[in-house]
Every structure is written in C-alpha cells, then in structure tokens.
**Q** 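What follows is a single structure, and I will ask about it in a moment.
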There are 2 protein chains.
Amino acid sequence: MISQTAEYALRAMVHLASCSLDTGSQTTQQIAEATHVPVGYLSKVLQALNRGGLLTSQRGLGGGFSLNRAPETITVYEIVQEIAPVQRIHTCPLGLEAHQTQLCPLHRKLDQIAAQLEEAYRETTLAMLLDGNPTVFSQAIPSSEPQCRALGLP
Amino acid sequence: MISQTAEYALRAMVHLASCSLDTGSQTTQQIAEATHVPVGYLSKVLQALNRGGLLTSQRGLGGGFSLNRAPETITVYEIVQEIAPVQRIHTCPLGLEAHQTQLCPLHRKLDQIAAQLEEAYRETTLAMLLDGNPTVFSQAIPSSEPQCRALGLP
DNA sequence: AGATAATTAGATAAAGATATCCAATTTAGG
DNA sequence: CCTAAATTGGATATCTTTATCTAATTATCT
C-alpha cells in the first residue's frame with residue numbers, strides 16, 4: 001500500500017514529532033538508530049522531506065533535523081505525497097481518446113478508491129500518532145541509547 | 001496503489017466478464033489486443049488467475065480462457081489478492097518484541113487504512129464494472145478487430 | 001494419426017525501487 | 001583559523017517488478 005521509502009519517512013516524522021516537545025533537532029544518525037532505518041538511505045529521505053518544506057535542517061556542529069511545523073498541523077498525506085504520491089487516475093491508462101472525457105467503470109472505481117485512500121491520509125495528523133498517554137513523553141529515559149518513545153521502543 | 005500486474009489482471013477479468021454473456025472463451029491473443037496488455041506478460045497473469053481458480057483454461061484448438069464463476073460473484077478483492085495482495089500489518093515491521101502484542105499508533109493506523117482498502121475491493125464485483133447500459137453488450141460489433149466493450153473501446 | 005492451435009513453463013532482459021559509499025560543503029566552537 | 005560535526009550531492013550496487021522470447025506440452029479437428 002505504501003512504499004518502503006514512505007514507511008521510513010513516516011517513522012522519521014513520528015519520531016521527530018515525539019522529540020519536538022523536549023529536545024531540539026536530531027541528527028540523521030540518531031533518527032536512524034531510533035527508527036531502525038539504514039542511515040545512508042534515511043539521509044536521502046530526510047533531504048526529500050526537507051526540500052518539501054516539512055523539515056528544517058541545520059548543518060554543522062549541533063545541527064540536525066527538526067519539524068518545520070507543529071505535529072497537529074502535519075498530515076500523513078503531506079508526507080506520503082512528498083515521497084510516493086498516491087496515483088490518481090485522471091486520464092485513461094490505455095491512452096484511449098474516447099476515455100479522456102469519461103473513464104470506463106473500472107478506472108472510475110479505482111480512482112474512487114484512490115481518493116478514499118488520500119482522504120484517510122489527509123485526516124491523520126502526526127499528533128494523532130503519538131502515544132495517547134502523555135506521561136510517556138514526560139518521563140525520564142533511563143538508557144543512554146537513542147530512544148523512540150512514540151514508537152514505544154525499549 | 002495497485003501494481004501494473006494487478007491492473008492488467010483487472011482489465012482481463014473485466015473483459016472476460018463482458019464476453020461471458022455471448023462468446024465463450026477468449027484466447028490470450030484476443031484478450032491482449034482488447035485490453036492493450038503485452039501478450040507475453042498477460043500470459044503469465046492469466047496463468048496466475050487460473051491457478052487461483054478464478055478462470056478456467058482450455059488448451060488446444062478453440063481453447064482459451066473464460067470466467068470460472070458469474071461476474072456477480074467475483075470481487076476485485078479476489079483478483080488483487082491473487083496477484084498482489086494488500087499488505088496488512090499484523091506484526092511490527094521493525095521486528096520489535098514489545099510491539100508483537102500491540103502495534104504502535106503509526107502501524108495501527110496504517111493497518112486500519114489497509115483494512116479499509118481491502119473492504120473497498122471486497123465490495124466491488126466484476127458485474128459492477130460492466131458498463132451500466134445493457135444495450136452496449138447486445139449490439140452488433142461492426143469491426144472485425146477484437147473488442148473490449150466493457151472498457152468502451154472503439 | 002497428423003497438423004494446427006493453444007496453454008504452460010523456463011530462461012533472460014530491461015527498468016525502477018531500494019540501499020550503500022564517499023567526497024564536498026557548511027557550521028559551531030575552541 | 002583550525003578542527004570536528006553535520007548535511008548535501010553524486011556515483012554506484014543490489015533487488016524486485018515488469019516484460020520478452022522460446023521451447024515444450026496439450027488438445028482439437030480433419
């Protein structure tokens with residue numbers, strides 16, 4: 001349903017959302033360890049999210065990535081759309097002239113379903129994906145390892 | 001949202017459904033021309049649908065493929081499931097022990113959306129994808145070229 | 001039985017998604 | 001101003017999906 005790359009992007013964004021309350025920015029390394037995503041690949045994904053205006057990046061010592069807006073205002077739709085957009089069917093995949101004005105029933109239905117999928121993504125904000133229990137985000141972290149509290153990592 | 005292969009499978013099934021009323025079976029060649037799918041590749045797709053019990057095949061002279069059941073009883077879900085199943089999320093993609101019993105909010109939500117997608121496929125039968133107007137299927141075809149009336153081809 | 005038409009199966013090629021690695025650039029701090 | 005830390009970008013490798021081609025098998029009709 002969603003590509004591996006989009007899954008990585010969502011993990012990273014949820015993690016950054018969970019960090020946005022206390023810590024400032026996170027390095028690619030930290031995000032990679034917290035979300036179990038290959039660091040080299042994650043780097044590309046974060047760059048794409050940055051270009052899309054969802055993140056802000058800071059180079060140099062003490063730099064890293066952080067959310068550009070509040071988690072309540074960022075939707076799954078925006079993230080997915082930046083990485084691997086939902087393919088709507090606006091013109092006939094067979095390239096038929098006759099179907100340019102109106103798609104055949106099959107493609108009309110498939111596009112309806114794609115629209116429904118888009119809608120589901122649009123309705124979901126990052127804030128909704130943080131663990132409901134607020135204490136989870138305020139309690140101290142015993143380990144020195146990078147954590148992903150939103151994903152509930154040990 | 002759906003793979004190219006699944007799209008091909010759906011086209012072929014809709015075409016066969018539209019043919020199921022008058023003509024009997026259709027050869028791979030005929031289906032390929034009607035649906036604009038590469039014939040060599042379509043062959044593999046039809047084999048898969050056949051193994052899945054959605055089609056019946058007949059070898060030899062006068063053979064070909066035809067639907068195994070009535071179009072009203074075959075759903076898009078069955079077809080998609082045979083070719084490129086919707087990936088539900090039952091276990092944590094990160095392989096975390098702690099998430100085996102309960103997924104984190106992100107993956108819970110993604111699975112909910114996958115379930116909604118499955119449901120949309122389940123609700124759609126092949127019969128619904130035939131052109132609503134019954135006259136389309138009873139009128140004579142002027143050309144000698146293979147036709148795809150369900151897809152509204154010229 | 002033989003010829004023809006059709007599916008089946010295997011090997012292989014091309015394209016796109018996923019992943020890795022390394023050099024270049026930027027920035028903060030001593 | 002120099003060093004360490006961090007992002008950025010380019011080149012490249014691997015895997016999966018998509019697609020092609022060819023030989024083998026099966027079935028029908030004359």
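Chain identifiers are assigned alphabetically (A, B, ...) following the order of the sequence lines, protein sequences preceding nucleic acid strands; residue numbering begins at 1 within each chain.
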**Q** For A/Leu126, which of A/Leu54, A/Leu16, A/Ile79 qualifies under side chain to side chain contact (heavy atoms under 4.5 Å, CB included)?
**A** A/Ile79
**Q** To the nearest Å, how far apart are A/Ile83 CD1 and C/dA17 P?
**A** 13 Å
**Q** Can you check the A/Gln29 CD to D/dA5 P distance for me, whole Å?
**A** 12 Å
**Q** By nearest heavy atom, map A/Lys44 and A/Leu61 onto DNA chain C; which one lands nearer the 5' end?
**A** A/Lys44
**Q** Check A/Cys19, A/Ser25, A/Ser57 against A/Phe65 for a side chain to side chain contact (heavy atoms under 4.5 Å, CB included) and give me the one that passes.
**A** A/Ser57
**Q** Does C/dT7 have OP1 or OP2 sitting under 4.0 Å from an N or O in the side chain of B/Ser57?
**A** no
**Q** Expected output is a numbered-order residue list: members of residues 46-54 of chain A with a heavy atom under 4.0 Å from any atom of DNA chain C. What is it?
**A** none
**Q** Would you call B/Glu82-B/Arg51 a salt bridge at under 4.0 Å N-O?
**A** no
**Q** Give me the one residue out of A/Val37, A/Leu46, A/Val45 that meets side chain to side chain contact (heavy atoms under 4.5 Å, CB included) with A/Ile31.
**A** A/Leu46
**Q** Give a yes/no answer on whether the side chain of A/Tyr8 brings an N or O atom under 4.0 Å of OP1 or OP2 in C/dA19.
**A** yes
**Q** Starting from C1' on D/dA19, measure out to CD on B/Gln4 and report it in whole angstrom.
**A** 11 Å
**Q** It should be established whether A/Thr5 places a side-chain nitrogen or oxygen under 4.0 Å from OP1 or OP2 of nucleotide C/dT18.
**A** yes
**Q** Provide, to the nearest angstrom, the distance between the CD atom belonging to B/Gln26 and the P atom belonging to C/dT7.
**A** 10 Å
**Q** Tell me the interatomic distance from A/His36, atom NE2, to C/dA19, atom P, rounded to whole angstroms.
**A** 15 Å
**Q** Just the rounded figure in Å: distance from P of C/dA9 to CG of B/Leu42.
**A** 16 Å
**Q** In sequence, state the C-alpha distance, the side-chain angles, and the governing distance for A/Arg122 and A/Glu78, and then conclude on salt bridge (charged side-chain N to carboxylate O under 4.0 Å, His left out).
**A** CA-CA 8 Å; A/Arg122 250 189 257 271; A/Glu78 292 179 275; over 6 Å; no
**Q** Please give, in whole Å, the distance from D/dG9 C1' to A/Tyr41 OH?
**A** 16 Å
**Q** Check the distance between C/dA6's P and B/Gln30's CD and give it to me in whole angstrom.
**A** 8 Å
**Q** Can you check whether A/Gln58 has a side-chain N or O nearer than 4.0 Å to OP1 or OP2 of D/dT7?
**A** no
**Q** Could you check whether A/His107 and B/Glu7, counting side-chain N and O atoms only, form a donor-acceptor pair closer than 3.5 Å?
**A** yes
**Q** Tell me what B/Ser43 touches on the nucleic acid: a base, only sugar-phosphate, or nothing, going by heavy atoms under 4.0 Å.
**A** base
**Q** Using a 4.5 Å cut-off on heavy atoms from C-beta on, say whether the side chain of B/His15 contacts that of B/Gln26.
**A** yes
**Q** For the side chain of A/Thr27, starting at C-beta, report the closest nucleotide among D/dT7, D/dT20, C/dT7.
**A** D/dT7
**Q** Any donor-acceptor pair under 3.5 Å joining the side chain of B/Arg59 to the base of C/dT8?
**A** no
